[in-house]
Amino acid sequence: MDKLRMTTPLVEMDGDEMTRVLWADIKETLLTPYVDLKTVYFDLGLRHRDETEDQVTVDSALAAKQYGVAVKCATITPNAQRVEEYGLKQMWKSPNGTIRAMMDGTVFRTPILVRGVRPTVRTWEKPITIARHAYGDIYRNVEMAVPGKGKAELVFTGEDGTVQRSTIFDFKGPGILQGIHNLDSSISSFARACFNYALDIRQDLWFSAKDTISKVYDHHFKDIFQEIFDAEYKAAFEKAGISYFYTLIDDAVARIIRSKGGMIWACKNYDGDVMSDMVATAFGSLAMMTSVLVSPDGKYEYEAAHGTVTRHYYRYLKGEETSTNPVATIFAWTGALRKRGELDGLKDLSAFAGRLEKAVIDTIEGGIMTGDLALIYEGEAKAVSSRAFISAVRERLENS
Ligand code: NAP
Ligand code: MG
């Protein structure tokens, strides 16, 4: 059989620990036998990041911007313990944070559904995608403890010296204070990324905040979304048969829980942090959550939502066979290949991505899965090692 041709390479960002092991196995067993895989390879493994003083992360993000589609393996975000374990020159920043900042992107997280792994919420039939704003609010806050009686004020001094001032509170005793901010440019990028993604996957877009209480701050988010929608996206949404609306966050929560799923829910930074964990857990497993970073100008970086699965890796190093779930990492590859196929007009490449995803789902629904899923699967499940699971997927693919 002739291998599928690619015209533009994918930007490949290799990573760490157990996911690095799975990465190589997925490529060898499920991709290179079928696709004449073209990638521009970057080794984001911690050792190589350290050797290059993290330049490799910057280079990989530049390549993602240049080529338009990247696929990333999970990577270690170093902490003090990792600095010691790897003898690092310094505590390098989170690669995801660096890439996100350089691509000015929004992260969309979507669960992979299989029959037999039932969402905790009975009505959910289709995946719910959370789009989380990744800049500002409490993640860039300034806060302080107030020792006692005194007046707290919000003061803005313009470049020209004009001062805006309002009283936050007249403290009669001790308390706490916090200052947060956001930027029109960042909110606009977030809005455009959400509108583009909704058009891309043809699903309704919801955006929620608390504008009834936060009449300037949250209201500003709502206004920017609406202005950009009306000016740039309204016609395209009508044509695609999808809708956009804003609703209060409490209303959104109530409606999401009663819904069948199948929408994109855009959230402010903190709301997105909390709601994505809730949605992932309620759908079944972190190991079944995909993640894609989309820049406002339509560049994509696909990855799994979970980390490098360190606990399994230490067992693997001792020579044990592990049962680490490779599904989200496989779907990172299929997401990237499908997008490359769409952009380059390679229908067969996109179709292959679909066949591989189907082979994965069919394998699980056929009762073969990794241990994490076997625990929550309703039906007869055979828990197998990562390697045996990937082989079983290969067998399905051969027969599809
Ligand atoms: P993790 O790697 O997601 O793993 C946490 C636990 O969740 C695992 O120990 C395992 O539970 C379960 N799990 C996660 N993915 C699984 C899979 N594919 N198959 C089976 N079980 C899975 O998170 P972590 O242990 O907090 O972080 C480990 C490293 O990953 C850290 O260095 C962190 O910096 C990094 N990280 C990277 C990313 C990223 O690159 N996007 C994201 C998060 C974390 P059991 O041990 O109970 O089986
Ligand atoms: Mg969180």
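Indexing begins at 1, ligand by ligand and atom by atom, following the structure's order. Values reported hereafter were calculated over all heavy atoms of this structure, with side chains retained and with hydrogens, waters and symmetry mates removed.
- Aromatic ring centres of Y270 and H133: separated by at least 6.0 Å.
- Take R122 and apply the side-chain contact (heavy atoms from CB on, under 4.5 Å) test, not counting sequence neighbours, and it matches no residue.
- Side-chain polar atoms of D104 and S189 form a donor-acceptor pair below 3.5 angstrom.
- Aromatic pair F225/F195: centroids less than 6.0 angstrom apart.
- Within 4.0 Å of ligand 1, counting heavy atoms only, the contacting residues are K72, A74, T75, I76, T77, R82, N96, A287, E303, H306, G307, T308, V309, T310, R311, H312, T324, N325, D372.
- Look at K65 and D297 and you find no salt bridge, because none of the NZ, NE, NH1 or NH2 atoms lies under 4.0 Å from a carboxylate O.
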Step-by-step side-chain contact (heavy atoms from CB on, under 4.5 Å) determination, L205 to F229: CA-CA 11 Å; L205 176 68; F229 179 72; over 6 Å; no
